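See below for the structure under consideration.
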Protein chains: 2
Amino acid sequence: MSPRNDRYRSSLNEFYHLHEKGRGVLTQAEDRQAKIVELLREQNFVDIRTLTERFDISVATVRRDLDELEGAGLLRRTHGGAVNVNQVAQDATNAARLISKQAEKAAIAEVAAGMVADGDTVLLDAGTTALEVAKKLSGRSSLTFISNGLDIIAELSRFDGQSIYSVGGEYTETNRSFRGPLAEHFIRQFNADKLILNAASIDVDRGLICTGSPLNASVARAMIEISRRVIVVADHSKFTKSSLSVVTRIEDVGVVVTDAGAKSIIDAAPDKLRKKFVVAN
Amino acid sequence: MSPRNDRYRSSLNEFYHLHEKGRGVLTQAEDRQAKIVELLREQNFVDIRTLTERFDISVATVRRDLDELEGAGLLRRTHGGAVNVNQVAQDATNAARLISKQAEKAAIAEVAAGMVADGDTVLLDAGTTALEVAKKLSGRSSLTFISNGLDIIAELSRFDGQSIYSVGGEYTETNRSFRGPLAEHFIRQFNADKLILNAASIDVDRGLICTGSPLNASVARAMIEISRRVIVVADHSKFTKSSLSVVTRIEDVGVVVTDAGAKSIIDAAPDKLRKKFVVAN
DNA sequence: CGAAGATTGATCGTTTTCGATCATTTTCCA
DNA sequence: TGGAAAATGATCGAAAACGATCAATCTTCG
């Protein structure tokens, strides 16, 4: 019997080869889960039997996959299957990205969310880690939110009684955000207590926080300008990557929250930088 | 986590009480089934327990309802509930009437989408009918989109290679859009070829297009100002409602696309207005 | 008013799914 | 290469959902 259904090599793996060089290809599980989400987006519903046949795996594994995906907010379990969540269209690429390092991101988000005080105006940069922070915060009342991330706005929109401001601008597919000069101008009209800033990479040697493109960097700098305290969130994989554009110096931000995987790198940093880091877990 | 679930209910009841009374009330069962379908259109999945609680009926009745609706091709049963089916055409018995509003919106959207030319910049007002238009257009290339509707942006974001601009501003739950002075200022920086404008109600006697709140009206007027041609979309139910705020006069828009259900009302209108209407189907 | 028909609710035995546990296989590093 | 960790599969009792049947209630109309 043919164990796996590889009729089409999903563009997913290509994506990861290009952009996640550090950690290599998707695992079988991630690949499968991404396909499940993809399938759900097309058909709205899949039952467990279908999935076992399609991927030639046991019901136990299917259940585990679905539970995990539900935990990541990518679908909703039902008796005998799962349904698509229709808040916002998520594509499978993002699905896989969300799943990877889910636990670390949740831990980081918990710590970052703890730094937000009641009554704060919170500016959330687009990104999967910031999205986790949004999930932690979206229950709390008396907060005001601003974000340029489509998925973050969608997440926040699920709850009543909060002030939510979406940053306008040109939509970009890569991180599902709004950016460009219009976005920057828009941001500058606000005044935020806390900024949750996503880093694409962190270069401890040079003391820099970086992001994927100059346009993102420019938006990020506008965000920093209008915020009283800057909280950078980055899982450990960000410390061994590099990315194109410099956003700011590490010593100029309030704090960088990361996970235990970055411990060794942080310990090797000079005192001045080291005190900026907070390790979750 | 407690996502809101009660937001559709009120508008549904209003709709049915207001507009179905005259020509013979729906039976309790029909009423219930129609609501189930509407519910599914919005949230993709409902479980049986939820339905028993919402309508205060037994599981047996819920099952019978779902079986019947499945027979009519309006949904698909699952263990413990039902999921939405992305339908094509239905056989026109009891089913046609239930999905009529959906079908009419799709027909209206088809006509409105046909008025958009290649290369156009299209401004899409938030709303379910405009969302249908977005679905028709989102495949086409060489279009530029601007919208203040969260769901519309999400829909458009599913496709590559299009320019999409999201209007920034304060998020409002009622129609899941961004509005307020920031939104208006944002909109005025653009220049659009076509505007797809959602009407909450149309008062033919007074010749007015109306919407639910002054804030929405204000945003709508900004949209009108920057657009070369205004295409209003409204199903026939909008002609027998009334809503709070005036947006503009019918004679000042380019065209109003509606469905055959509004035929009699339109025919009774003075010539000057009548030529503004286009009936889909 | 009252009987026929339709709608709804309750019951019960059967089938399906769930979740937890444990054995087995695979993967990943040191 | 060997061993730990992770992923997967199998099993089984419990819980949930199903369908069918029958009784109770509501509608309709002669």
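These numbers come from a predicted model, not from an experiment. Just so it is clear: chains get the letters A, B, ... in the order the sequence lines come, proteins before strands, and each one is counted from 1.
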How is T78(A) classified with respect to the nucleic acid when contacts are heavy atoms under 4.0 Å: base, sugar-phosphate, or nothing? sugar-phosphate

Dump the intermediate steps for side-chain contact (heavy atoms from CB on, under 4.5 Å) on I196(A) and V233(A), then the final yes or no. CA-CA 7 Å; I196(A) 308 295; V233(A) 290; 3.9 Å; yes

Can you give me the bend angle of the helix from dC1(C)-dG30(D) to dA30(C)-dT1(D)? Use the axis through the first five pairs and the one through the last five, nearest 10 degrees. 40°

So, OP1 or OP2 of dA17(D): does either fall under 4.0 Å of a side-chain N or O from R77(B)? no

Enumerate the residue pairs fulfilling ring-ring contact (aromatic ring centres under 6.0 Å, His included) with a member in residues 60-83 of chain B, sequence neighbours excluded, ordered by first and then second residue. none

Test for a donor-acceptor pair under 3.5 Å between the base of dG9(D) and the side chain of R64(A), counting only N and O atoms. yes

Value in whole Å for how far the P atom of dC18(C) lies from CG of D47(B): 13 Å

Taking only residues two or more places apart in sequence, or in another chain, which ones meet E251(A) in a salt bridge (charged side-chain N to carboxylate O under 4.0 Å, His left out)? R249(A), K272(A)

Using atom names, set out every protein N or O paired with an N or O of nucleotides 11-16 of chain D below 3.5 Å, distance rounded to 0.1 Å.
{"unit_1": "dA16(D)", "atom_1": "O3'", "unit_2": "H79(A)", "atom_2": "NE2", "d": "3.3"}

ring-ring contact (aromatic ring centres under 6.0 Å, His included): which pairs involve residues 256-281 of chain A, sequence neighbours left out? F239(A)-F277(A)

Is the shortest side-chain N/O distance from S58(A) to OP1 or OP2 of dG9(D) below 4.0 Å? yes

Per nearest nucleotide of DNA chain C, the residue lying toward the 5' end, D56(B) or G81(A), is D56(B)

Using a 4.5 Å cut-off on heavy atoms from C-beta on, say whether the side chain of D65(A) contacts that of I36(A). yes

Checking N44(B) against N44(A): is there a side-chain donor and acceptor pair closer than 3.5 Å? yes

With sequence neighbours excluded, what pairs up with S243(A) under the side-chain contact (heavy atoms from CB on, under 4.5 Å) test? A200(A), S201(A), C210(A)

